[in-house]
S.K.: 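This is the structure, below, for whatever I ask next.
Quick note: residue numbers are just sequence positions, from 1. First listed ligand is number 1; within each ligand, the first listed atom is number 1.
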Amino acid sequence: MLEQTFTMIKPDSVERGETGRILARMETAGLVIKRLKMLHLSPEEARQFYHMHAGKPFFEHLVAYISAGPVCAVVLEKEDAIRELRALVGATDPAEADEGTIRREFGLDNRRNAVHASDAPETAREEIAFFGLTLSREA
Ligand code: ADP
Ligand code: MG
């Protein structure tokens, strides 16, 4: 089934100039870019985006990290896009991510792991809506 998912290139990867290379990895895997925008989350917006992690020991560091600079927010489409993107992205900790995954290549540690990728249809829908990527005409 043709499916949409959401990815976000995290601020330090954007700052290092890796946006294009990361997007190229996704496009090469057949994920089609449907929407894309650069934006800088406030700490409050970062808290909302990562609400499911509130209260965890790493939460405030995560909020500071994600709101430190612009991110690249992207809607991708493919058959089985959610599962395929998660596989391409790899494990949360780049040191544990398989060879060939985006986090293995571009991640630095278990917080600075290059990209976010939606983990289920419900979160994909929520995250696309959160970033305001649903309102304009389909690409
Ligand atoms: P994923 O992004 O693989 O779905 P999680 O949803 O568990 O991982 O965590 C969300 C984000 O929080 C991670 O991508 C990472 O940036 C950060 N994070 C997760 N676990 C830790 C940790 N133990 N220490 C620091 N940051 C973490
Ligand atoms: Mg997650």
Side-chain angles (χ1 to χ4, degrees):
M1 184 191 60
L2 201 59
E3 186 175 68
Q4 290 194 344
T5 189
F6 173 77
T7 191
M8 177 180 75
I9 303 173
K10 296 184 178 183
D12 60 318
S13 294
V14 169
E15 178 157 14
R16 285 193 297 276
E18 293 166 347
T19 303
R21 284 197 291 149
I22 292 172
L23 290 173
R25 293 286 309 269
M26 296 172 180
E27 288 190 297
T28 300
L31 291 149
V32 176
I33 297 173
K34 300 295 286 184
R35 309 285 173 82
L36 182 152
K37 69 179 171 187
M38 306 297 302
L39 71 176
H40 189 156
L41 295 182
S42 70
E44 190 45 47
E45 288 165 340
R47 271 189 199 93
Q48 284 174 40
F49 181 72
Y50 278 123
H51 62 88
M52 70 293 295
H53 297 301
K56 293 184 186 169
F58 61 81
F59 183 64
E60 286 304 325
H61 292 291
L62 177 59
V63 166
Y65 164 57
I66 288 298
S67 58
V71 298
C72 181
V74 187
V75 177
L76 296 169
E77 189 172 84
K78 193 189 177 189
E79 299 275 322
D80 209 11
I82 294 170
R83 197 188 55 77
E84 286 215 13
L85 178 65
R86 290 286 294 194
L88 176 64
V89 163
T92 304
D93 185 346
E96 288 167 14
D98 290 340
E99 199 64 52
T101 61
I102 288 172
R103 281 173 169 169
R104 179 68 169 259
E105 183 175 353
F106 296 98
L108 302 182
D109 55 42
N110 65 357
R111 175 163 47 247
R112 296 177 297 167
N113 58 5
V115 299
H116 168 85
S118 302
D119 60 7
E122 186 54 34
T123 47
R125 263 192 303 279
E126 273 179 32
E127 290 167 359
I128 290 167
F130 178 83
F131 276 87
L133 292 166
T134 46
L135 295 180
S136 46
R137 191 185 304 175
E138 286 290 334

S.K.: Can you list every salt bridge (charged side-chain N to carboxylate O under 4.0 Å, His left out) pair that touches residues 123-132, not counting sequence neighbours?
M.R.: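 Salt bridge (charged side-chain N to carboxylate O under 4.0 Å, His left out) check on residues 123-132 returns Glu122-Arg125.
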S.K.: More than 12 non-hydrogen atoms from neighbouring residues, nucleotides or ligands closer than 6.0 Å to NE2 on His61, yes or no?
M.R.: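 Result for NE2/His61: open.
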S.K.: Report the residue from Glu77, Arg35, Lys34 that forms a side chain to side chain donor-acceptor pair (under 3.5 Å) with Gln4.
M.R.: Glu77
S.K.: For Phe6, enumerate each residue passing the ring pair (Phe, Tyr, Trp, His ring centres under 6.0 Å) test, keeping only those at least two apart in sequence or located in another chain.
M.R.: Phe131
S.K.: Should Lys10 and Glu15 count as an ion pair when the cut-off is N to O under 4.0 Å?
M.R.: no
S.K.: How would you list, by chain and number, every residue that makes a ring pair (Phe, Tyr, Trp, His ring centres under 6.0 Å) with Phe130, sequence neighbours excluded?
M.R.: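 So Phe130 forms a ring pair (Phe, Tyr, Trp, His ring centres under 6.0 Å) with Phe49.
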S.K.: Can you tell me which residues line ligand 1 if we count any heavy atom under 4.0 angstrom from one of its atoms, in chain and number order?
M.R.: Lys10, Tyr50, His53, Phe58, Leu62, Arg86, Thr92, Arg103, Asn110, Arg111, Asn113
